[in-house]
Structures are given as structure tokens and as C-alpha cells.
Protein chains: 2
Amino acid sequence: MAGDFIPTQPIYLQLVQRICKQIVRGDLSAGEKLPSQRDMAIQVGVNPNTVQRVYTELERITVAETRRGQGTFVTRDEDRLLRLREELMGSYVAAFLGDMREMGFTLEEILRSFKECETLGLSHE
Amino acid sequence: MAGDFIPTQPIYLQLVQRICKQIVRGDLSAGEKLPSQRDMAIQVGVNPNTVQRVYTELERITVAETRRGQGTFVTRDEDRLLRLREELMGSYVAAFLGDMREMGFTLEEILRSFKECETLGLSHE
DNA sequence: ATTAGTGCACTAGAAATATAGTGCACTAAT
DNA sequence: ATTAGTGCACTATATTTCTAGTGCACTAAT
């Protein structure tokens, strides 16, 4: 019932990231309606006010748009979604490589570790 | 003065992670003394109580050990530090690949993105 | 014995996050 | 006009994190 969240980071940010991932993945398409604040709150097991903050944040980063009385929708700007995909990819990769560099790991070690995880279902196409 | 922290995660956890990275990287060696709680607090610009929590956590995960009246030291167990290196590598890689999979990125896309960041100083040795 | 340096325990408060609950304005459908 | 569904604003409270301050016990050096 409660979409599990880690307690060390604000729930609303985790939910923003989760929705962004769903968009990038294609589970949510441009223009698609998001659940109402009340419904989403029930679905993920948080307070409606928290969802309100999530949707406000999604609107701030121009990933969603709100039509009062109708609901909140994924932006219809498909270019924006393509940029979101590039932005997320870039930020996750940069953060990961930064962490690895801070710990002194070499690219060879990283790639070797990738192969150990490979069996767990990362697509190759 | 204040070692910059992101506001969305507890400072004490960020400091734990930072110290673990320094150990894995080799900037801190087995048995080496950490700064006193008071000194570390001044160095990173936080309250001594926060450092107290950091050192307690480092001791809980058996990465540091405390000698009352003397200070807190990196564990002298070098095997433990080797395991720490493997643990951190594994968890960071697993989290990263999990995020990538959630967003539907393929291994090829990841590797391509790596090459774009490669110029920014990741070692190849 | 005294002193300095250390970890540690404790209380209190500030700040941010999350929850709880209510109400209002807007939109669409009837 | 009425109704249902929606976003949005508002107040209040709980929880967690962080800060602030004090004091004590232990260790080593003098």
C-alpha cells in the first residue's frame, strides 16, 4: 500500500524522482493525466498535502502542467521530455562517476563490477 | 569553512559517507586517528553533537573504533577496510544500475554516456 | 596531583518535513 | 442550478534533524 520510501530523504522529493523516472521510461506519456492529488495520496500512502508539493515541484521544473479544476498532466511538450531524459541520464551518470572517482575506483573496476550485476536484468538492445 | 552539504539528507549521514570514501580512497589508513569531535566539528562547520553521531555510526558499522580519552581511530582491521571497499562499490553500482533500469536505459546508452564524461578525469590504470 | 585533550551523556530549543483536517474556487457533466 | 472532481490555501500538530550548551569520566603528560 505504502510505496516504500527511505526515511533519510524527503518523501516529496522521492516521489518527484519516481514520477520523473516513470516518464523517462515511457510509463507516462506526454499529456497524460496524473492521478488527482487525493487519489495519488491514497495510492502511495501519503498525505494529500505531500502530493500537492510533488505536483507543484513537477510544475516548477516544467515537467507537468496544471489545469485548475481538471487535474495535473504530464507536459505536452515532447521536446521537454526528451530533455528530461538527457538531463536525468547526465546527472545520474555524473553523480555516479563522481562518487567512483572520490573512492579512487578505476574505469576497469567499474566495468568489471557491472558484469557481475549484468545477470540481474539490464537490457542490452 | 562549512564543507558543503546538500539540505535534503541528514548531515551526519553525508559525513559518514564522506569519511568512508576517504578511507576507501586511501586518504585515511587503518589505525589512523580521526580529528577529535570538537576539531572535526570546527573543520566541517557543524555542531560537535553531529560529529558525535557520525563517530558513533562509524563505530556501529565497525569502520572506526573509539578509545575513551584518546580519540576515534580508523579500525586497524585491514580486512574490514577491504570489505568496506567491496561493499561500497557494490552498493553504489547496484543503486546506479537500478536507477538506470528504472528509467529504461540500455547498457549501450550508459557506456556511451560514460565516454562523454571520460574526459573529466576518471582513471584508466 | 594537576592539567589538557578526549569521548560521552544529557537537556533544551530551532528548523524542516510530514501529517491531519478544513474550506474555497474552478471545471465539466448532469 | 446542481453535483462531483479537481487544485489550492490555510492552520495546527507530530516527528526528525540539527543546533546549543553543560557537565562528567577517562587518558596521557606534566
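Keep in mind that what you see is a predicted model, and the values were worked out from it rather than measured. First the proteins, then the strands, lettered A, B, ... as listed; each starts at 1.
The pair Glu65(A)-Arg76(A) meets the salt-bridge criterion, since a charged nitrogen lies less than 4.0 angstrom from a carboxylate oxygen.
In this structure Ser29(B) satisfies the side-chain hydrogen bond (donor to acceptor under 3.5 Å, both in side chains) test with no other residue, sequence neighbours excluded. For Ala30(A), the side chain to side chain contact (heavy atoms under 4.5 Å, CB included) test picks out Glu78(A), Leu81(A), with sequence neighbours left out. For the salt bridge (charged side-chain N to carboxylate O under 4.0 Å, His left out) test, no residue two or more places apart in sequence or in another chain qualifies with Arg112(A). Legend: residues meeting side chain to side chain contact (heavy atoms under 4.5 Å, CB included) with Glu86(A), ordered by chain and number and at least two apart, are absent. With sequence neighbours excluded, no residue forms a salt bridge (charged side-chain N to carboxylate O under 4.0 Å, His left out) with Arg67(B). By the salt bridge (charged side-chain N to carboxylate O under 4.0 Å, His left out) test, Glu59(B) is found to be paired with no residue, residues two or more places apart in sequence or in another chain being considered.
Rounding to whole angstrom units, CG of residue Asp39(B) and P of dA4(C) are separated by 16 Å. Atom OH of Tyr12(A) is separated from atom P of dA16(C) by 11 Å (rounded to the nearest Å). In this structure, Ile42(A) places its CD1 atom 15 Å from C1' of dG21(C), rounding to the nearest Å. Rounded to whole Å, the distance from CZ on Arg53(A) to P on dT19(C) is 11 Å. Whole-Å rounding puts the Ile6(B) CD1 to dT17(D) P distance at 15 Å. Rounding to whole angstrom units, CD of residue Gln52(B) and P of dC10(C) are separated by 11 Å.
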(request) Take nucleotides 22-30 of chain C nucleotide by nucleotide from the 5' end and write B, S or -, depending on whether a protein heavy atom sits under 4.0 Å from the base, only from the sugar-phosphate, or from neither. (result) -B-BBSS--
(request) Show the numbers, then the answer: is there a side-chain contact (heavy atoms from CB on, under 4.5 Å) between Leu84(A) and Arg80(A)? (result) CA-CA 6 Å; Leu84(A) 176 67; Arg80(A) 177 67 187 96; 3.9 Å; yes
Name the atoms and distances for all side-chain donor-acceptor pairs under 3.5 Å in residues 45-56 of chain A, with sequence neighbours left out.
from     : atom 1 : to       : atom 2 : distance (Å)
Asn47(A) : OD1    : Asn49(A) : N      : 2.9
Tyr55(A) : OH     : Pro35(A) : O      : 2.7
Thr56(A) : OG1    : Gln52(A) : O      : 2.9

(request) Whenever both distances are under 3.5 Å in a Watson-Crick or G-U wobble pair, mark it; put DNA chain C into dot-bracket that way, with [ ] for crossing pairs and | when the partner is on another strand. (result) ||||||||||||||||||||||||||||||
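Across dT19(D), dT17(D), dT17(C), the shortest atom-to-atom separation from the side chain of Pro10(B) is found for dT17(D).
Where Pro7(A) and Thr56(A) each meet DNA chain D at their nearest nucleotide, the meeting point lying more 5' is that of Thr56(A).
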